Amino acid sequence: MKNNSLKGLETIDIEGFREDLINWFSEEKRDLPWRKDRDPYKIWVSEIMLQQTRVDTVIPYFNRFIEQFPSVEALSTADEERILKAWEGLGYYSRARNLHSAVKEVHEKYGGKVPDEPKEISALKGVGPYTAGAILSIAYGKPEPAVDGNVMRVLSRILSIWDDIAKPSSRKIFEEAVRVLISHDNPSYFNQALMELGAIVCTPTSPSCLLCPVREHCSAFHEGVQNELPVKTKNKKQRPISLAAAVLVDETGRTLIHKRSENGLLANLWEFPNIEIHLPYRTEGEQLTDFLQQEYGAAIELGDMAGTIEHVFSHLIWNIHVYKGKVVSIKEEREGLKMVSSEEIEAYPFPVSHQKMIKQFYKK
DNA sequence: GAAGCGTGGGG
DNA sequence: TCCCCAAGCTT
């Protein structure tokens, strides 16, 4: 064994650990919609949705998504706008765009069959080491590691691994451990059981060791250090950004919306016109009015500020000053700019921050 | 390796 | 209120 962090592998009863873990999972596994069959496409969709996202949040999105896009064929031929609308509120929207792109590749290059080779599946957009291992093991029964945050937490305790799990390089240590530990008879259950245990029993704070099916095999439990593991450095604080946004309606009741850039934050979602405020040498209203004229060719009349929205991202905080106003005239219908009725607006995908604006400042 | 990328829930 | 996230990937 090359890695000094894996000394715990020398003493663990591997056969006993596998058996206790898999027996527990067989009895206690949750009844989840993506566990009803082994369709690699559905497993794939579920794994993308579950990235950095809780099971309870994903369930309704998964059910609606599979209803709308039941197969590789259906998703690969769908419009991105509809896919983003189905993803609206789930966050990390590049997941949806990458999934769309990857499914198209599977449709064209592999005749719609999700590949079962590590190299091929890892080459798909949005499929990293975790997702590749999850699909290969769960859908195809291959003994590949699927190391997520749960697995690192659980194994850091079982094997007393003190490496910082926030560091990208640590994942390789845990993959090495899984390659030694994994059941070749049932890789699917083994990987899922590690994650399920992390989600239900071996939780980040106050793990339920007395209910744990593998506590006899757990180094941290024996040493009484389960609350010290895993080691994980803290996140940085969010950076605040001030925005001024305008909800603008014309005399027929239509409102002006804009499609965001295809790169970066909330890419390809729609929004109400807005600008970042640095230093208010001029009033926000003046800056907003000039911006709408110059960038969108729209003449507007703005009222007083109608209210504020705060929205917290993982790395930013938006403080949005919301203004209401009228569109007096607009030059042309250019790409990425639309006047929409209150019925039409429902077909467009908005970030949650702008859904709040719709609710508070647009809808009656 | 570090930073960018969402959201809603829980202690 | 604040912090920590939750089945990570891309650049």
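Because only heavy atoms are used, hydrogens play no part in the values below, and waters and symmetry mates are left out as well, while side chains stay in. Computed from a prediction, not measured in an experiment: that's the story for all the values here.
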Below 4.0 Å: OP1/OP2 of B:dT7 and any side-chain N or O of A:Y93: yes
Side-chain N,O (A:K125) to OP1/OP2 (C:dC9) below 4.0 Å: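 Looking at the OP1 and OP2 atoms of C:dC9, neither is under 4.0 Å from any side-chain N or O of A:K125.
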Using the 3.5 Å cut-off, write out each protein N or O paired with an N or O of nucleotides 9-11 of chain B and the distance between them.
none

Interface residues of residues 128-145 of chain A with DNA chain C (non-hydrogen, below 4.0 angstrom): A:G128, A:P129, A:Y130, A:T131
A:S219 versus A:E223, side-chain donor and acceptor atoms under 3.5 Å: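 Side-chain D/A pair, A:E223 to A:S219: absent.
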Sugar-phosphate, base or nothing in reach of A:S46, heavy atoms under 4.0 Å: nothing
Between [atom2] on [N] and [atom1] on [X], what's the gap in Å once rounded to a whole number?
X	N	atom1	atom2	answer
A:M49	B:dG6	CE	P	15 Å
A:L124	C:dT10	CG	P	10 Å
A:H315	C:dC5	NE2	P	18 Å
A:W44	C:dC9	CH2	C1'	14 Å
A:R30	C:dA6	CZ	C1'	11 Å

Same-atom distance (C1') from B:dG1 to C:dG8, integer angstrom: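 Between the two C1' atoms, the distance is 16 Å.
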Listed partners of A:D164 passing salt bridge (Lys or Arg N to Asp or Glu O under 4.0 Å), at least two apart: none
A:R97: side chain to side chain donor-acceptor pair (under 3.5 Å) partners, not counting sequence neighbours: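 Expected list: none.
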Partners passing side chain to side chain donor-acceptor pair (under 3.5 Å) against A:Q51 (at least two apart in sequence or in another chain):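 Scan of A:Q51 (side chain to side chain donor-acceptor pair (under 3.5 Å), adjacent residues dropped) gives A:T131.
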Connected-component partners of A:M305 among ILVMFWY, side-chain separation under 4.5 Å: A:L248, A:L256, A:I275, A:I277, A:L288, A:F291, A:L292, A:Y296, A:I300, A:L302, A:Y323, A:V327, A:I330, A:L337, A:M339
Close side-chain approach of A:W270 to A:P349, heavy-atom, < 4.5 Å: yes
Parallel, tilted or perpendicular: rings of A:H315 and A:F313 (30°, 60°):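 If you compare the ring of A:F313 with that of A:H315, the planes turn out perpendicular.
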Side chain of A:K234 - closest among C:dC4, B:dT7, B:dG4: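 Within the option list, the nearest is C:dC4.
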A:R64 charged N/C atom sitting above A:F62 aromatic ring, 6.0 Å / 45°: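 Verdict for A:F62: no cation-pi partner in A:R64.
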